[in-house]
Amino acid sequence: MSAPTFLPLLNSIAVNEAKGQKLLGAWAAATQDADLKAALTFVSIREGEHAMAFAKRMCELGHAVDEASAYQVFKNFDDLLACACSDTTDAEKVEMLTRGDSEQGERKDPFRNFFKDPSIDPQTGALLGRFIAEERDSGRRLKAEYDRVRAEGRGTSKPAMDEIASLKACVSSLEAELKSLRKMIAAGR
Ligand SMILES: [Fe+2]
């Protein structure tokens with residue numbers, strides 16, 4: 001039996017999702033930002049599960065994952081991984097990892113051709129459908145975090161933001177104290 005025509009697609013997903021898991025997992029381990037860490041960990045777990053699910057589907061179809069023939073989503077994976085592991089700021093990592101996304105991401109839907117092959121069987125089709133929906137959800141989660149990290153990186157540093165937050169809390173408690181003092185004075189009159 002000849003290999004299904006959609007096999008290269010499954011292979012490419014299996015290979016690149018495994019790389020995504022590595023990359024995001026390394027960044028999650030390096031960051032001190034709790035919200036970013038949570039999002040990166042979640043998406044990294046998802047990427048790993050996708051890699052395994054597609055490798056499993058390939059096995060069921062009688063084929064093994066072949067890294068050498070896969071389309072490479074991450075052209076400079078080793079550099080990206082080194083950057084993710086490093087103590088570079090999160091804002092710089094966002095820039096490094098999303099470079100080129102704004103030109104490609106919005107205009108092109110990377111999943112637009114996934115169902116063009118009419119020979120995709122129902123089981124593979126169901127897996128692809130779940131994969132696409134989860135990838136889009138992961139993209140939204142990461143974008144929300146990247147936007148926040150970028151905004152913090154552009155403007156105020158994290159320690160400065162903490163300082164501002166504690167000054168605000170201090171002002172609020174002084175206001176409350178002042179209010180109760182005024183009440184006491186008013187009551188004494
Ligand atoms: Fe992915």
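In listed order, ligands and their atoms are each counted from 1.
Summary: OE2 is the N/O/S atom of Glu17 found nearest to the Fe ion (ligand 1). Sorting the N, O or S atoms of Glu47 by how far they are from the Fe ion (ligand 1) puts OE2 first. Glu135 contributes OE1 as its N, O or S atom closest to the Fe ion (ligand 1).
The CD atom of Glu49 sits 10.5 Å away from the CD atom of Glu47 when rounded to the nearest 0.5 Å.
The aromatic rings of Phe131 and Phe114 sit parallel, their planes meeting at an angle under 30°, below the 60° perpendicular limit.
Distance alone, capped at 3.5 Å, places no donor-acceptor pair between the Asp137 side chain and the Ala133 backbone.
Under 3.5 Å, the side chains of His50 and Gln21 contain no donor-acceptor pair of N or O atoms.
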